[in-house]
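Along the sequence shown, the residues carry numbers beginning at 1. For ligands, and for the atoms within them, numbers begin at 1 and follow the listed sequence. Note that the coordinates shown come from a computational prediction; the quantities given were computed from them, not determined experimentally.
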Amino acid sequence: MTHNELRKKFLDFFKAKGHTALSSDHLVPAGDASVLFTSAGMNQFKEQFLGHLKGYSRATTCQKCLRTDDLKNVGVTSYHHTFFEMLGNFSFGDYFKEDAICWAWEFLTEQLKLDKNKLLVSVYKDDEESYNIWKDKIKIPKEKIMKLGDKDNFWPSDAKANGPNGPCGPCSEIFYDYGEPFGSVEVWNLVFTQFNRKEGGALEPLPNKNIDTGMGLERLCAVVEGVTNNFDTDLFKPIIAAIKNEVSNSSNIDKQKRDFHAIADHIRAVSFAISDGIVPSNEERGYVIRNLIRKSALHGKNLGAKKPFLYKLVPAVASVMQEAYPELKARRENISQLVLSEEEKFTSTLEEGIRILKDEMARLSGDSKSEITGEFAFKLFDTHGFPLELAKEAASQKGFTIDEKEFDGLMTRQRDQSRKKGKIADTIFKSPLVKEKTQFIGYEKTQAQVKVLEIIKDKKPVEKLEKGERAQAVLDVSPFYGEGGGQVGDTGLLKSAKVTVKVLNAQKEANAILLDVEVESGKLSKGDTVTAQVDEERRHAVAKNHTATHLLQGALRKVLGEHVRQQGSFVEPQRLRFDFTHFKALSEDELSRVEQLVNEKINSSDAVNSEVMDIDKAKAKGALAFFGDKYDKEVRMVSLGDYSMELCGGTHVKNTKDIGIFKITSEGSVASGIRRIEAVTGSAAQGILNSQQKTLEDICALLKCSQENAADKLRQLMTEFDDLQNKLKQTMLNEVKNSAQGLIDKAKKVNDAFFIVSKMQGAQPELLRCAVDTIRVKLKDAKWAAMLTSLNETQVFLILAASKNLSEKGFHCGKLISKIAALAGGSGGGRPDMAQAGIKDVPNIDTVLEKSEKIILEELKR
Ligand code: SER
């Protein structure tokens, strides 16, 4: 049975048992910043576990998961992974232990036909109910039922004592026994989620008893395919073959399993993470991905890879996974490009590391030392990602060692610190602030009679709000759009005969829309009926920008190619921001074509339509989905004319012509492979055009020419200006050459050396250097030093030069000038025979120069 068949069989089995099959959540849990990555199937059901049902009480999924806890075991054991898929069935207050256990057994023994004699189970030590179901209903011999404690049979493991807070409960696990020498492996975990752990460890019963099961697809594949190593299944074999193809062909899969397996694991995690919108970076999620790429690159080195190769594995991952995850295939080019640019970055990081290491070894050699400190090696690792193993290798080639004990100590300390810091999740997920539901009516209406269902102040419900007080209010129906999908929340007023309340923002929270409110006059009470009025002008400005982002995405895809995908957006009244995948800066020409295309669509006055439909239907129609969002089964599709279809919950204008004008204000890079465009529409765009027009008119008035001739006229003036500048420079250079003799004549004699001092107004540094050259020629073998300064309004430029025979005797212009510059808060440096500095303290320059002369005179006297 292939992995595709297994996935399908599982979902079909539970669908037949009345479960709704849902798609996997993203690896970044939707709307839950408290969690680093989706790490279990249950993550997406936070609402349901706390009693907020969404039309179904049984669900089944195959969930993409990413866990970093086991990273160091990946490749070492046969069954640890960072990325894996978890098959799960869930009950929210519906069936409980008996059905969960019986169905799990039925699936394994009847659907998959696993040998009953090879299955063992465990139950929580105090869970007699589960124990009896296994013993009496399933009829597993007693000796095959283990009773285990809080660490093994409570989920999350040891949550009672150590948390995290949130839903938890006893669990029962099913193991498959391979027999000697492999022993048994856990395949399925059935969690009986019946408690909500609170701060301090109290286990509060949940409103409903729930079921949360999780079975790793990779391990199940191994069991079903009859292999003992997950990496030998059809999920991994094509990826491992691709690795062998890309690295040196002399590498041996059996002997170098660890490297092959780790790369195969990591490239899956990296591909899926990037596909879900995580970009390699130095922070949190991005850092995890960067680290996985770097680790893989090092494993690749072990296998003889000489060049970036990981990026070439992405298509293999996409092809293995394409049936369940078609989006991976669709985005594989983008993902590859991002991986390649990370690999290249890492190569240059390593080169930089080698250079730093060599410098350090040269320094140590000077001191006759041959041990590199652990601190140095750690810093190299920590700031440059330079691994200890490579450092050791490079060091030993030059006869150096590294203090590994010190390195290990620092490493441990850092791990402890980041473990403490990295506890993003104190709770498995945060429980929502409100239980009420708000119906959003803002697509059709911007005004409505509404009821205040709840008022929340400092996270606690209150009955009323007095004048001047701020809090959050929940309505039964809301014309206010709750911030989401990159669009800001609406603002406006709540008004009745007795109260006026300002609505400062609106946000989504669970099933409600939470309004930030401030009472302007009167008193707002829970239960009040008021008129809700959205600030229509602001809403309209937002709508223009939102519809414009759709046009922009379409135009970018036309001009740059279909690889362009939204990576994020922000839409507010004043401007819009759109991030998208693309690998280089847009040229002027591309930008103006994009801008022009958007404006063409605005001028073609196309209707903006929206329609609610099944997600599969929308996708079949070709609607673009933003992969940073998780969609429900029912989605809203916004279409513009016949050229743009996007899944979108935002508010839009009725017709593209309402946008008025579209103007790009900036284009830049956000991360490697991701560009950002900022733009404005309507009156903001008109404002920019007006002010550009005004600037052009001013320029024409100054140039005394028409707008058509302005560029030619300016070009001509600039050529004339350049000519004049060159002539002036030539004249000044001649003058400097002529006056050099004068400077020499005025020189002071110190012992047998000449000391030349000169102060010029506004001379370019180049002139001073020319003066020095002239002095050098004229004075031939004489000993001399010269301090030449050029003053202008904001800065003093200073050159100190000396004859070679003087600098060879220890007169070091570079060192002296640093001293001088430091007198006046400037900076400078240079060679022994020539150095320069910039000094900002112009008002006190005379005193500074006096002191400088003294310093130089003393040095000359020595
Ligand atoms: N939440 C449980 C686990 O992660 C079962 O799905 O093991």
Problem set entry | Donor-acceptor contact present, side-chain His19 to main-chain Phe14, <3.5 Å | yes
Seminar exercise, completed: When distances are taken from atom 7 (O) of ligand 1, the protein heavy atom at minimum range is Asn189 ND2, 3.1 Å
Seminar exercise, completed: ligand 1 to Gly214, heavy atom cutoff 4.0 Å, flagged ligand atoms 5 (C), 6 (O)
Exercise. Using the ring of each side chain (for Trp, its six-membered ring), is Phe231 parallel, tilted or perpendicular to Phe236, with breaks at 30° and 60°?
Worked result: tilted
For this session: Give yes or no for whether the N/O distance cutoff of 3.5 Å, strictly under, is met between Ser39 and ligand 1.
Result: no
For this session: For ligand 1, note which part of Arg67 has a heavy atom under 4.0 Å away: side chain, backbone, both or neither.
Result: side chain
Problem set entry | Salt bridge flag under 4.0 Å for residues Lys64 and Glu85 | no
Exercise. Is the closest basic N to carboxylate O distance between Lys118 and Asp177 below 4.0 Å?
Worked result: no
For this session: Using the six-membered ring of Tyr131, assess whether NZ or CZ of Lys147 lies under 6.0 Å from its centre and within 45 degrees of the ring axis.
Result: yes
Exercise. Should Ala40 be counted as touching ligand 1, given the test is an N or O pair under 3.5 Å?
Worked result: no
Problem set entry | Contacting atoms of ligand 1, where contact means under 4.0 angstrom from a heavy atom of Met42 | 1 (N)
Seminar exercise, completed: Per-atom filter on ligand 1: closer than 4.0 angstrom to a heavy atom of Val191 are 2 (C), 5 (C)
Problem set entry | salt bridge (Lys or Arg N to Asp or Glu O under 4.0 Å) evaluation trace for Asp12 with Lys15 | CA-CA 5 Å; Asp12 285 347; Lys15 273 200 267 187; 3.7 Å; yes
Exercise. Which ligand 1 atoms are under 4.0 Å away from a heavy-atom of Asp212?
Worked result: 1 (N), 2 (C), 5 (C), 6 (O)
Problem set entry | atom 2 (C) of ligand 1 [closest protein heavy-atom partner, distance rounded to 0.1 Å] | Trp155 CE2, 3.4 Å
